Visitor: 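Once you've had a glance at the structure underneath, I'll fire off some questions.
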Amino acid sequence: MSNQYPIGTPGTPWRNEEKQVWYQQQQIQRSYHTNVECKVKSLSDICTIEEYGVLAYKAGKYSLFALKNKNYNPEHATILITGGVHGYETSGVLGALAFAERYIEQFSDRYNFLILPCISPWGFETINRWNPDAIDPNRSFYANSPAAESRLAMEYVDAYSGNIIAHIDLHETTDTDNSEFRPALAAREGKVNHNWNIPDGFYLVGHTQKPEPEFQKVIIEEVQKVTHIADADENGQLIGVKLEQFGVINYDGTKLGLCMGMTNAPFVTTTEVYPDSANTTPDECIDGQVASILGVLSFLSSQN
């Protein structure tokens with residue numbers, strides 16, 4: 001595969017002009033209002049719905065929503081669920097909403113739930129990894145963030161931060177990571193692109209500062225009930241990172257500005273589903289995301 005990208009000059013980081021060229025090439029491909037906002041509002045009988053911000057872009061204004069269990073109890077530990085940090089990663093968005101619909105009432109007598117199902121709605125509509133300013137929200141969870149998506153999520157979650165025991169961030173790894181998004185990143189940064197092998201199956205990214213291998217293991221075991229787990233490549237790696245255990249690698253989520261690093265929760269992980277696999281379906285990908293949240297609950301329950 002060529003390392004050339006059709007925007008910019010190889011070896012030269014993008015300026016505002018190149019970012020504008022990139023932005024003009026993006027197209028709305030699906031509706032956030034229809035696929036996410038209407039679904040969120042349909043859950044009002046079982047969830048408390050809060051608008052935690054509005055993104056105002058040239059393409060329009062996007063309301064950002066959080067769902068909480070009814071009768072949110074400050075005495076209970078809180079589980080934070082985030083999806084759609086990368087808007088194109090569909091099963092993360094739909095998996096967060098599916099968990100709320102299927103299970104939030106069942107478990108809210110023991111835990112509080114804070115669910116931000118689609119942090120990047122423009123990315124959802126354009127099936128994109130970045131926001132309109134060519135910024136990756138999932139590298140922008142830090143103070144004075146340049147990404148409004150990340151900043152608004154952090155400001156909202158901060159009010160609950162002292163009570164969050166676990167945070168699971170729902171993602172996908174897709175074929176377009178290699179065909180589009182990694183080449184675009186290299187071009188934007190003025191670097192040479194090096195693609196990785198796309199893992200066929202589900203895997204987790206734990207936090208190197210708090211890896212909690214048993215926590216990760218329980219989630220993998222729960223997900224295995226509904227979809228397949230990715231095997232390591234010939235180098236014992238997933239996406240270029242050494243395997244820690246079956247289906248698990250670790251990143252420093254805080255240092256990298258990842259969503260999973262935005263709280264002090266002791267138990268954190270990022271899911272990665274592979275929707276392009278010949279061995280899975282869209283519904284199975286959503287079920288895998290839901291199962292990963294059930295794995296979090298299974299682990300926490302075993303600690304009591």
Side-chain angles (χ1 to χ4, degrees), residues 30 32 35-36 39-40 43 46-47 65-67 69 79-107 111 113-121 123-124 127 129 137-138 153 166-177 198-207 215-230 238-239 247-249 253 258-260 265 267-277 279-300:
R30 58 187 176 182
Y32 170 74
N35 294 290
V36 180
K39 182 63 176 178
V40 166
L43 299 174
I46 60 173
C47 297
F65 297 100
L67 299 90
N69 49 293
I79 298 170
L80 173 62
I81 302 165
T82 49
V85 176
H86 290 143
Y88 74 103
E89 297 172 8
T90 308
S91 70
V93 177
L94 300 184
L97 292 171
F99 174 82
E101 181 177 25
R102 300 175 196 174
Y103 291 107
I104 198 168
E105 291 182 302
Q106 180 178 332
F107 292 99
Y111 300 100
F113 294 93
L114 191 62
I115 305 174
L116 281 62
C118 190
I119 287 174
S120 297
F124 179 87
I127 310 183
R129 187 178 183 89
N138 202 38
H167 176 195
I168 183 166
D169 189 30
L170 309 179
H171 282 257
E172 294 181 343
T173 300
T174 69
D175 287 346
T176 51
D177 288 4
I198 300 293
D200 187 344
F202 180 97
Y203 64 99
L204 292 174
V205 181
H207 197 312
F215 170 69
Q216 313 292 344
K217 180 174 181 288
V218 170
I219 297 172
I220 289 291
E221 290 172 347
E222 192 68 36
V223 173
Q224 261 187 305
K225 298 175 183 178
V226 299
T227 193
H228 65 292
I229 309 301
L238 293 171
I239 61 169
V248 181
I249 59 174
L258 304 185
C259 183
M260 71 166 169
F267 302 106
V268 299
T269 197
T270 297
T271 69
E272 294 288 353
V273 171
Y274 179 47
D276 299 312
S277 172
N279 300 314
T280 194
T281 65
D283 285 343
E284 192 174 285
C285 290
I286 294 169
D287 290 344
Q289 302 283 19
V290 173
S292 69
I293 303 168
L294 295 177
V296 171
L297 289 161
S298 177
F299 173 82
L300 294 177

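Since we're looking at a predicted model, the values are computed, not measured.
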Visitor: Checking Ser298 side chain against Gly295 main chain: does a donor-acceptor pair fall under 3.5 Å?
Guide: no

Visitor: Looking at CG of Leu67 and CD1 of Ile46, how far apart are the two atoms once the value is rounded to the nearest 0.5 Å?
Guide: 8.5 Å

Visitor: Judged by atom type as modelled, is there a donor-acceptor pair below 3.5 Å linking the side chain of Ser120 to the main-chain atoms of Val85?
Guide: yes

Visitor: For the side chain of Glu284 and the backbone of Thr227, is there at least one donor-acceptor N/O pair under 3.5 Å apart?
Guide: no

Visitor: Assess, by modelled atom type and distance only, whether the side chains of His167 and Thr82 contain a donor and an acceptor separated by less than 3.5 Å.
Guide: yes

Visitor: For Tyr103 together with Phe113, are the ring centres under 6.0 Å from each other?
Guide: no

Visitor: Just by modelled atom types, is the Val268 backbone N or O under 3.5 Å from a matching donor or acceptor in the Gln216 side chain?
Guide: yes

Visitor: Where the side chain of Asp276 meets the backbone of Asp175, is there a donor-acceptor pair that is under 3.5 Å apart?
Guide: yes

Visitor: With no hydrogens and no angle check, is any side-chain donor or acceptor of Glu172 less than 3.5 Å from a backbone partner on Glu89?
Guide: no

Visitor: Is the NZ or CZ atom of Arg30 both under 6.0 Å from the centre of the six-membered ring of Phe124 and within 45° of that ring's axis?
Guide: yes

Visitor: Among Thr280, Thr173, Ile229, which one satisfies side chain to side chain contact (heavy atoms under 4.5 Å, CB included) with Phe202?
Guide: Ile229

Visitor: Is a side-chain donor or acceptor of Asp200 paired with a backbone partner of Ser277 at a separation under 3.5 angstrom?
Guide: no

Visitor: Search all heavy atoms of Gly95 against all heavy atoms of Val290 and return the closest pair with its distance.
Guide: O-CG2, 3.6 Å

Visitor: Are a donor atom and an acceptor atom from the side chains of His171 and Asp169 found within less than 3.5 Å of each other?
Guide: yes

